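Naming convention: chains lettered A, B, ... in sequence-line order (proteins, then strands); numbering from 1 in each chain. Note that this is a predicted model, so its numbers are computed, not measured.
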Amino acid sequence: DFEIDDFDIVEIYNNFVYKFKDGIVYKRVLKPEDLEKRILAFDSKSLFKNNAKFIEFDLVLADYLVDPEFASNKSTIEPIEYILLKYLGQKLNFKNNEQIIAQKLKAVYLLKDELENELKNLEMEKLLKEIEIPVSKVICDIERNGIKVDTDYLLHLKKEFETNLKEIEKNIYELAGIRFNINSPKQLSDVLFNKLKLKPIKKTKTGYSTDTETLLELSKIHPIAKKILEYRELFKLKTTYIDSILSLVNPITKRIYPQYNQRGTSTGRISAFNPNIQTIPIKSELGRKIRKAFISDEGKIFIKADYSQIELRILAHLSEDENLVYAFLNDFDVHMATSRIIFQKDDINDEERRVGKTINFAIIYGISPYGLSKQLNIDENLAKQFIESYFNYYKGVKMWIEETKKFARENGFVKTILNRRRIIPKIGINSQNKVIREAWERICINTPVQGSASDIIKIAMIRTNKYNIVLQIHDELVFEVDENKVETCSKEIKEIMENVLNLKVPLKVDVEIGKNL
DNA sequence: TAGCACCAC
DNA sequence: ACCCGTGGTGCTA
């Protein structure tokens, strides 16, 4: 028998508690009082899942803050494998659970001081203790909550989609004069460009592209293109959303339990999987039908709270651009404002506003005339003019972009409002190769903006956790609350979210209420 | 497993 | 033809 003391290195698994001390791993049955201690973890989420309350250190998150580039979605490697290799030059020796636990605990023992010092030097200790570890607890709660699915409705939708798909499929075969696998880009391109002799528009590595842009262009010439677009949309929605969600519904609770990866991105955003709840359709009419399948429990109701224009507000804050700051201080329609500058007139129609909106987003992504011209389907020279007009008006934004790139070239990293950082390899940002260099430049610009937005939503998550969060979709939180408390809750949530940080422009949160998403 | 395609913010 | 940022997922070959 042994005690768990404050600041012990601990793991909990299958109702056993493990502790690393003096080179030895101790194991015994978990006791309730173990959960009251302030402990050090390899991965706090696993401990929070086992009801630990106070976690003082998390090796995986500490490593993520020091260098967020390892997004585990990009590799099949587990954090333990990655950390052993990166810091200790070791391979994961044994693969049974107990041995892995032992290696995790030992890694904490060996690396904690080093990483804590590193975080101190980078002024990121607070980010770990006050943001990431608490967020880990919030994520744990969100994953436990899950979200209810109306399976009857979804099954009905599935039938409807399948009927439509069959019909469209038949149509396509008739128009093509042959049966083939529409889901195979290879076979499709053979039908379009050989059999039907349509003109290819662009190439991929392996042949001619059949993407949406191409098919949109081809629909001017041949009716099959439009049918294929319809087929694609329906098929995508059915397989990725309806089928997969149905397969993930817990038959007892009628809920799905999406998981979140706290080190899933290089910017600080959280990613989601099983299913990727952050990509539930919303833009198309059919997509919105799928949203309706997510319902609140009896007696409960959803509160959706999303930050309005958060990334542009952050750009205003970071750049201190006079005109952009002014726009947000006065709650202007900022896409409209940009359109007026681009088109040099007051009266802006919907199409022109769309152009302004695209340009505003393009700035955040690190703009290039080429990219903008493709996005807007306009001449590259015109795109160039638009960008010049933009920067001529938003001079502070232009200056901030230049300064940020310079900072990265000299320091080898960029940072967010909360001092989250992303390493920018000097060899990349200073590369002779224009494509490589400009790609890193775009990352330099996008990361502080996207990353600061994630800083803000993370504070919001921590402060609103008591309201029963069921989803996090980057700049949006969805809560499931008692119907009779909806008014006070939504007021409080909005208040909390709008005041997580005091920026040079106000944060604005839009709140919606509903029985489905 | 890579490549394509496409959903979201 | 080319990357305008961050992801996850389903399909084919």
### Task
Please work out if A:Thr358 contacts a base, only the sugar-phosphate, or nothing of the nucleic acid, heavy-atom cut-off 4.0 Å.
base

### Task
Between B:dA2 and C:dC4, how far apart are the P atoms? Round to whole Å, please.
24 Å

### Task
Could you check how far CD1 of A:Ile445 sits from C1' of C:dC3, rounded to whole Å?
15 Å

### Task
Can you sort out the partners of A:Phe332 under ring-ring contact (aromatic ring centres under 6.0 Å, His included), two or more places apart, ordered by chain and number?
A:Tyr326

## Note on the structure
Correct closest heavy-atom pair for A:Leu372 and A:Ile387 would be CD2-CG1, 3.8 Å

### Task
Starting at atom CD1 of A:Ile443, determine the distance to atom C1' of C:dC3, rounded to an integer number of angstrom.
9 Å

### Query
Looking across every strand, which nucleic acid part, if any, lies under 4.0 Å from A:Phe235 by heavy atom: base, sugar-phosphate, or nothing?
sugar-phosphate

### Message
Is it the case that the side chain of A:Asp67 and the backbone of A:Ile423 share a donor-acceptor pair, with hydrogens and angles ignored and the cut-off at 3.5 Å?
### Response
no

#### Entry: C:dA13 phosphate, OP1 or OP2, under 4.0 Å from A:Gln187 side-chain N/O
yes

### Query
Side chains of A:Thr338 and A:Tyr394: does their closest heavy-atom pair fall under 4.5 Å?
yes

### Query
What are the residues of residues 380-413 of chain A, sorted by number, that bring a heavy atom to within less than 4.0 Å of DNA chain C?
none

### Task
Return the value, rounded to whole Å, for the distance between atom NZ of A:Lys374 and atom C1' of C:dC3.
9 Å

### Message
Closest-nucleotide mapping onto DNA chain C: is A:Pro275 or A:Gln375 further toward the 5' terminus? I mean the 5' end.
### Response
A:Gln375

### Query
Rounded to the Å, how far apart are A:Tyr231 OH and C:dG10 P?
16 Å

### Query
Quick one: A:Ile314 CD1 to C:dT6 P, roughly how many Å, whole number?
16 Å

### Message
Applying a 4.0 Å non-hydrogen cut-off, can you work out what A:Ala272 is touching in the nucleic acid: base, sugar-phosphate, or nothing?
### Response
sugar-phosphate

### Query
Relative to A:Tyr64, does A:Arg263 satisfy both conditions: NZ or CZ under 6.0 angstrom from the six-membered ring centre, and within 45 degrees of the ring's axis?
no

### Query
Which residue lies toward the 5' end of DNA chain C, A:Ser184 or A:Arg442, if each is placed at its nearest nucleotide?
A:Arg442

### Query
Base, sugar-phosphate, or nothing for A:Asp243, non-hydrogen atoms under 4.0 angstrom?
nothing

### Query
Is there a side-chain contact between A:Tyr82 and A:Val60, using heavy atoms and a 4.5 Å cut-off?
no

### Parallel, tilted or perpendicular, as decided by the 30° and 60° cut-offs, for the rings of A:Tyr173 and A:Phe180
perpendicular

### Message
Classify A:Ser244 by what it touches in the nucleic acid, base, sugar-phosphate, or nothing, heavy-atom distance under 4.0 Å.
### Response
sugar-phosphate

### Task
Just call it for A:Tyr370: base, sugar-phosphate, or nothing, with non-hydrogen atoms closer than 4.0 Å on any strand.
base

### Query
Using a cut-off of 4.0 Å between protein heavy atoms and nucleotide atoms, how would you tag nucleotides 2-9 of chain B 5' to 3' with B, S and -?
-SSSBBBB

### Query
With a 4.5 Å limit on heavy-atom distance, are the side chains of A:Tyr390 and A:Val397 in contact?
yes

### Message
Taking any heavy-atom pair under 4.0 Å as a contact, classify A:Leu188: base, sugar-phosphate, or nothing.
### Response
nothing

### Query
Distance-only, no hydrogens or angles: does the A:Lys426 side chain make a donor-acceptor pair with backbone N or O of A:Glu410 under 3.5 Å?
yes

### Task
Take the protein atom CD of A:Glu441 and the nucleotide atom P of C:dC2, then report the distance between them rounded to whole Å.
21 Å

### Task
Give the rounded distance in Å between these two atoms: CG of A:Asn261 and P of C:dG8.
7 Å

### Task
Please state whether the phosphate of C:dT6, meaning OP1 or OP2, lies under 4.0 angstrom from any side-chain nitrogen or oxygen of A:Thr267.
no

### Task
Quickly work out the A:Gln262 CD to C:dG7 P distance and round it to whole Å.
15 Å

### Task
Using the P atom on both, measure C:dC3 against B:dC6 and round to a whole Å.
16 Å

### Message
Whether the side chain of A:Ser219 engages the backbone of A:Leu216 through a donor-acceptor N/O pair (distance < 3.5 Å, no angle test) should be reported.
### Response
yes

#### Entry: A:Phe328 backbone acceptor or donor facing A:Arg313 side chain under 3.5 Å
no

### Message
Does C:dG8 have its OP1 or OP2 closer than 4.0 Å to a side-chain nitrogen or oxygen of A:Ser271?
### Response
yes

